[in-house]
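Reading through the structure tokens given below for one structure.
Counting begins at 1 with the first residue of the sequence. All values below were derived from every heavy atom in this structure, side-chain atoms included, with hydrogens, water molecules and symmetry-related copies excluded.
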Amino acid sequence: MLGPWLHDWRRPQGRRCSFWETQPMAEALATLLRPRYLDLLVSSPALPLPMGSLNPDPEPLERFGRRFPLAPGRCLEEYGAFYVGGSEAISDPDLDPDLSRLLLGWAPGRPFSSCCPDTGRTQDEGARAWRLRARRRYLVERARDARVVGLLAGTLGVARHREALAHLQNLIQAAGKRSYVLALGRPTPAKLANFPEVDVFVLVACPLGALATQPSGSFFRPVLAPCELEAACNPAWPPPGLAPHLTHYADLLPGSPFHVPLPPPDSELWDTPDVSLITGDLRPPPAWKPSTDPGCSALTPRPQLELAESSPAASFLSSRSWQGLQPCLGQTPVTAAVSGRRGIAIAYEDEGSS
């Protein structure tokens, strides 16, 4: 059964390719391939480090939630890819989280093919990679238009997750937006629908726990990766096509080779005109103030000469036509407690038999 899997993906002797799969037969398949492909890599899942542990430079190379045993002097951008995994039960391969993050992060222009073990069918993934990258650029535009960002704490036991949340909060504040940190476990459409005032959500989790691309209409608001929020809020971030797609939030933090610090408040990058590609409106430049500035909290005067801190959530609630049940405090007379009806809804005791 191994022969048909590899028959449709022939390349000249000695051509570099990267190979990984999700079945225990990885080494057996690699043994069959090495006589034909002299430079063959077999990757393995990169399990996250627990909190409090040291995080030295990964050896071998760690990218896309996997480890690649690269030889000295080699880089991953020189390799093509052949993905063996997935299942026939997945109707849309775009929803496979492993394949999605690999397609997004792999070097554009390099060959990328996949094989389904259930059917043995192989196909080129170039068109799917282009579609996923276009979807990610749309999510970056949605994040630039957003006023309220919800940070989903998808992990509480992986190293540097607190530092990542603080970094994203500072990034959101610098872009003139508001943020809320939510710990909801694994995000589901029903959970996130309880926060309609939030424009976009950002999932802070390890690469192996990140969500796959969601089908249209699944979530009420889009769920982004931390690197997509970085691309939306950091004007010093490289433009699309030049910036790498990072699957681990630790790659955005200081000390990482991919870290791009925020420009100073007086930098002209903050004043660059920006037009939304979704609404067509001109986005105003953010008035960035450091977190230590006592005037960073906006105060809104009320008619009764009271002061209250303005909140996007409160503004959203005040604009809704229905705001919940009215308490009517002081308007309901006080009465003694009485015994209610007893029984089940299909037949209460005082209804008799019908």
Side-chain angles (χ1 to χ4, degrees), residues 48 64-65 90-105 128-129 131-158 161-162 164-173 175 177-234 237 240 243-253 276-279 312-313 316:
F64 322 125
I90 302 179
S91 58
D92 188 357
D94 290 351
L95 305 183
D96 185 353
D98 294 328
L99 182 57
S100 296
R101 62 172 172 261
L102 288 165
L103 287 174
L104 285 169
R128 182 174 296 145
R131 184 168 61 249
L132 289 175
R133 293 190 185 100
R135 170 67 179 172
R136 292 304 175 181
R137 293 180 183 178
Y138 166 76
L139 293 179
V140 171
E141 288 296 317
R142 288 289 300 269
R144 288 172 177 168
D145 289 340
R147 296 179 59 249
V148 183
V149 180
L151 300 177
L152 303 177
T155 177
L156 299 177
V158 181
H161 81 276
R162 293 181 180 273
L165 287 174
H167 170 76
L168 295 178
Q169 286 179 307
N170 183 43
L171 187 68
I172 294 170
Q173 181 184 2
K177 309 177 189 297
R178 288 294 186 94
S179 64
Y180 296 93
V181 179
L182 307 172
L184 305 176
R186 182 168 182 83
T188 62
K191 291 179 181 178
L192 301 189
N194 293 317
F195 305 94
E197 65 274 8
V198 177
D199 297 321
V200 295
F201 294 93
V202 179
L203 179 60
V204 182
C206 66
L208 300 180
L211 293 177
T213 303
Q214 301 299 319
S216 178
S218 176
F219 282 98
F220 181 66
R221 301 295 189 194
V223 182
L224 286 71
C227 72
E228 293 161 356
L229 182 67
E230 185 87 23
C233 299
N234 189 350
W237 191 256
H245 180 80
L246 306 175
T247 56
H248 199 340
Y249 57 77
D251 294 332
L252 304 174
L253 302 179
S276 172
L277 300 181
I278 298 178
T279 63
F316 177 85

Rounded distance (nearest 0.5 Å) linking atom NE2 of His248 with atom SG of Cys227: 12.5 Å
Taking side-chain hydrogen bond (donor to acceptor under 3.5 Å, both in side chains) as the test, write out the residues that go with Glu228, two or more places apart. Arg136
Is the backbone of Leu246 close enough, under 3.5 Å, to the side chain of Asp251 for a donor and an acceptor to pair up by distance? no
Decide side-chain contact (heavy atoms from CB on, under 4.5 Å) for Ile172 and Arg178; before the verdict, give the C-alpha distance in whole Å, the side-chain angles of both, and the deciding distance to 0.1 Å. CA-CA 7 Å; Ile172 294 170; Arg178 288 294 186 94; 5.9 Å; no
Under a 4.5 Å cut-off applied to non-hydrogen side-chain atoms, are Lys191 and Leu184 in contact? yes
So, using side-chain hydrogen bond (donor to acceptor under 3.5 Å, both in side chains) as the criterion, who are the partners of Asn234 when residues are at least two apart? Glu230
Residues Ala205 and Tyr249: closest non-hydrogen pair is O-CD2, 3.4 Å
Kindly compute the distance separating CG (Leu171) from NZ (Lys177), expressed to the nearest 0.5 Å. 9.5 Å
Contact check, side chains of Phe220 and Asn194, non-hydrogen atoms, under 4.5 Å: no
To the nearest 0.5 Å, what is the distance between OH on Tyr180 and CZ on Phe201? 11.5 Å
Shortest non-hydrogen contact between Leu192 and Pro187, atoms and distance: CD1-CB, 4.2 Å
Apply side chain to side chain contact (heavy atoms under 4.5 Å, CB included) to Val202 and list each qualifying residue two or more places apart in sequence or on a separate chain. Val149, Leu151, Leu168, Leu224, Pro226, Leu229
Residues His167 and Leu253: closest non-hydrogen pair is CB-CD2, 3.7 Å
Contact between Arg133 and Leu104 at the side-chain level, heavy atoms closer than 4.5 Å - yes or no? yes
With sequence neighbours excluded, residues passing salt bridge (charged side-chain N to carboxylate O under 4.0 Å, His left out) with Arg144: Glu141
For Ser276, all residues meeting side chain to side chain contact (heavy atoms under 4.5 Å, CB included), sequence neighbours excluded: Asp145, Ile278, Thr279, Arg283
So do the side chains of Gln169 and Val181 get within less than 4.5 Å of each other, counting heavy atoms only? yes
Considering residues at least two apart in sequence or located in another chain, which fulfil the side-chain hydrogen bond (donor to acceptor under 3.5 Å, both in side chains) criterion with His245? none
How close do Asp199 and Ala146 get, heavy atom to heavy atom, and via which atoms? CB-CB, 3.5 Å
